[in-house]
Engineer: 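The structure is given below, and queries will be raised subsequently.
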Protein chains: 2
Amino acid sequence: MKIKNLPENTLHRLVIYLNVLESMERKKIESISSEDLARRCGVNPAQLRKDLSYVGNLGTKGVGYSVKSLKFSLKKFLGRTEEWNLVLGGLSPLGEFLLNNRDIQKEGFYFMAAFDTREENIGKVINGVSIYNLDQISYVTKAIRVDMAIITSEDKPEEYLEAFLSQKIKAILNLTSTPLFTEDQDIKIENFSFPMALTKLSFFLKNSR
Amino acid sequence: MKIKNLPENTLHRLVIYLNVLESMERKKIESISSEDLARRCGVNPAQLRKDLSYVGNLGTKGVGYSVKSLKFSLKKFLGRTEEWNLVLGGLSPLGEFLLNNRDIQKEGFYFMAAFDTREENIGKVINGVSIYNLDQISYVTKAIRVDMAIITSEDKPEEYLEAFLSQKIKAILNLTSTPLFTEDQDIKIENFSFPMALTKLSFFLKNSR
DNA sequence: AAGTGTGAACTTTTTCACAGCT
DNA sequence: AGCTGTGAAAAAGTTCACACTT
């Protein structure tokens, strides 16, 4: 049980464990051993136990883990018992899809506002979320707490990033095809795009024939 | 210059380098040093050079790298000079979004068919792609080459996975909230979901206050 | 008897530092 | 003179193996 900084790969795996446990709970599985859960998560059982030891002493020796309570411990540890306020950067097709998507809200992530730079989009309301001009961002951040931003504008992703960082938003999910980085260790940027994910698969296929 | 198995993190970074180079090319930057590119990619310059050494001798000592030719070498190495045939598993909102999305095709990934299990969806055509019943998959794989599958059905993701594996599809992008795994080393599964990505951010925020 | 939690051993990855090419 | 490519050193991450608890 440590409070030190978690390796990035451990964080990644903890998120996987949480989601696999949620799927097991839906299947009414009540308890599980590290061996069994590890197999379902594609990892070594010792690795799973070591990862969980960052979170706490969660199991019972000689018995295993309760699915429900392990899931709750992970959820708490990962900050997922709280609710988080999001803003969207860029009313792209993907951005519009996300605003209309219920799954993200269901998990406790709420879009509070969206930003765009094209005059014709400003003032629109999509699924209850208003679209503002990016220059007006400070008015929005004055009025509401913003925890995270999702950038989906393929056009000028850096411009959105700058605007969000200027408002002291510290967590960014960048879904454009241009990966974004910052030196600042106080800020976390996650980069993902569909073509990037598919590229890992194309490399795999190319090398397995 | 090795042909050995590439570490997963190196693959991840190579994909980032490729995308950052493409963005630099759009900005008309013609050449770059490892130090400069590394900073734009959030890595150590030695790491960047070591990563690139898996691909080949790509730079010029005392000078640096040509953006255009480094980009091309990476593209080739990652299998992105080829075209790849996709199928979709599950006509979910995200699935429908992907079928309608031009960006994925533009990168050389082509949807050839989509599958669903709900009778009312079978026979529909979305953006030129026909929806088939999942039980009929073998007819489709007999007629066309399928390289990769994208699973977006939150309902029974495992069912789609099984069907795709039974058809010897070796590369899967799973976009549902249930991570999927297989023992089989011949098969590569990439797992991603928006809530999982946001969870990494929520952990970061929870621990930075 | 069974399965967790964890130091210790091992493996892999990252960073350093410099020889060598342009 | 400057920057790459890479062995060697350092750091980090993974797996083993077993003491310990139920």
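Each chain gets a letter, A, B and so on, in the order the sequences are listed, and its residues count up from 1. Source: prediction; values computed, not measured.
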Engineer: Got a second to check how far N174(B)'s CG is from T178(B)'s OG1, nearest 0.5 Å?
Structural biologist: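 It comes to 7.5 Å.
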Engineer: Kindly point out which of dA17(C), dC18(D), dT14(C) is positioned nearest to the side chain of A46(B)?
Structural biologist: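 Between dA17(C), dC18(D), dT14(C), the one nearest the side chain of A46(B) would be dA17(C).
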Engineer: Any side-chain N or O of R13(B) less than 4.0 Å from the OP1 or OP2 oxygen of dT14(C)?
Structural biologist: yes
Engineer: Could you tell me the separation between the CG atom of N57(B) and the P atom of dT22(C), rounded to a whole number of Å?
Structural biologist: 10 Å
Engineer: Rounded to the Å, how far apart are L52(B) CG and dT6(D) P?
Structural biologist: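 Taking CG of L52(B) and P of dT6(D), I get 11 Å after rounding.
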Engineer: Check this for me: does the side-chain of K50(A) come within 3.5 Å of the base of dT14(D) through a donor and an acceptor?
Structural biologist: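 Counting by modelled atom types and ignoring angles, no donor-acceptor contact under 3.5 Å is found here.
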Engineer: Please state how far atom CG in L37(A) lies from atom C1' in dG3(C), giving the value in whole angstrom units.
Structural biologist: 14 Å
Engineer: Measuring from the side chain of P7(A) (C-beta onward, heavy atoms only), which nucleotide among dT4(D), dC18(D), dG13(D) has the closest atom?
Structural biologist: dG13(D)
Engineer: Who are the side-chain hydrogen bond (donor to acceptor under 3.5 Å, both in side chains) partners of K170(A), not counting sequence neighbours?
Structural biologist: none
Engineer: Could you list by number each residue of residues 61-74 of chain A showing a heavy-atom separation from DNA chain D of less than 4.0 Å, or answer none if no residue does?
Structural biologist: K61(A)
Engineer: Does dT4(D) have its OP1 or OP2 closer than 4.0 Å to a side-chain nitrogen or oxygen of S34(B)?
Structural biologist: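 Yes, within the criterion.
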Engineer: Mapping Q47(A) and I32(B) onto DNA chain D by nearest heavy atom, which one lands closer to the 5' end?
Structural biologist: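 Its nearest nucleotide lies further toward 5', so the answer is I32(B).
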Engineer: With heavy atoms under 4.0 Å as the rule, sort L58(A) into base, sugar-phosphate or nothing.
Structural biologist: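 Since only primed, P, OP1 and OP2 atoms lie under 4.0 Å of L58(A), the category is sugar-phosphate.
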Engineer: Which residues satisfy the side chain to side chain contact (heavy atoms under 4.5 Å, CB included) test with A113(B), sequence neighbours excluded?
Structural biologist: V87(B), F115(B), Y132(B), V140(B)
Engineer: Which pairs pass salt bridge (Lys or Arg N to Asp or Glu O under 4.0 Å) with one or both residues in residues 53-63 of chain B, sequence neighbours excluded?
Structural biologist: none
Engineer: Tell me which donor-acceptor pairs under 3.5 Å the side chains of residues 144-155 of chain A have, and how far apart each pair is, sequence neighbours excluded?
Structural biologist:
{"unit_1": "R145(A)", "atom_1": "NE", "unit_2": "D147(A)", "atom_2": "OD1", "d": "2.9"}
{"unit_1": "R145(A)", "atom_1": "NE", "unit_2": "D147(A)", "atom_2": "OD2", "d": "3.2"}
{"unit_1": "R145(A)", "atom_1": "NH2", "unit_2": "E83(A)", "atom_2": "O", "d": "3.4"}
{"unit_1": "R145(A)", "atom_1": "NH2", "unit_2": "D147(A)", "atom_2": "OD2", "d": "2.7"}
{"unit_1": "D147(A)", "atom_1": "OD2", "unit_2": "N85(A)", "atom_2": "N", "d": "2.7"}
{"unit_1": "T152(A)", "atom_1": "OG1", "unit_2": "G90(A)", "atom_2": "O", "d": "2.7"}
{"unit_1": "T152(A)", "atom_1": "OG1", "unit_2": "S92(A)", "atom_2": "OG", "d": "2.7"}
{"unit_1": "S153(A)", "atom_1": "OG", "unit_2": "D155(A)", "atom_2": "N", "d": "3.3"}
{"unit_1": "E154(A)", "atom_1": "OE1", "unit_2": "S177(A)", "atom_2": "N", "d": "3.3"}
{"unit_1": "E154(A)", "atom_1": "OE1", "unit_2": "S177(A)", "atom_2": "OG", "d": "2.9"}
{"unit_1": "E154(A)", "atom_1": "OE2", "unit_2": "S177(A)", "atom_2": "N", "d": "3.1"}

Engineer: Round to a whole Å and report the spacing from CZ of R39(B) to P of dC3(D).
Structural biologist: 12 Å
Engineer: Check this one for me: any side-chain N or O of N44(B) less than 4.0 Å away from OP1 or OP2 of dC16(C)?
Structural biologist: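 Yes, N44(B) has a side-chain N/O under 4.0 Å of OP1/OP2 on dC16(C).
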Engineer: Among residues two or more places apart or on two chains, list those pairs meeting salt bridge (Lys or Arg N to Asp or Glu O under 4.0 Å) that have a residue in residues 200-209 of chain B.
Structural biologist: E82(A)-R209(B)
Engineer: Let me know the distance between CZ of R49(B) and C1' of dC21(C), rounded to the nearest Å.
Structural biologist: 14 Å
Engineer: Quick one: Y54(A) OH to dG13(D) C1', roughly how many Å, whole number?
Structural biologist: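 For the pair Y54(A) OH and dG13(D) C1', the rounded distance is 8 Å.
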Engineer: Are F192(A) and F194(A) close enough that their ring centers fall under 6.0 Å?
Structural biologist: yes
Engineer: Measure from the side chain of T10(B), starting at C-beta and using heavy atoms only, and say which of dG13(D), dT6(D), dT14(C) lies closest.
Structural biologist: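 Given the options dG13(D), dT6(D), dT14(C), the side chain of T10(B) is closest to dT14(C).
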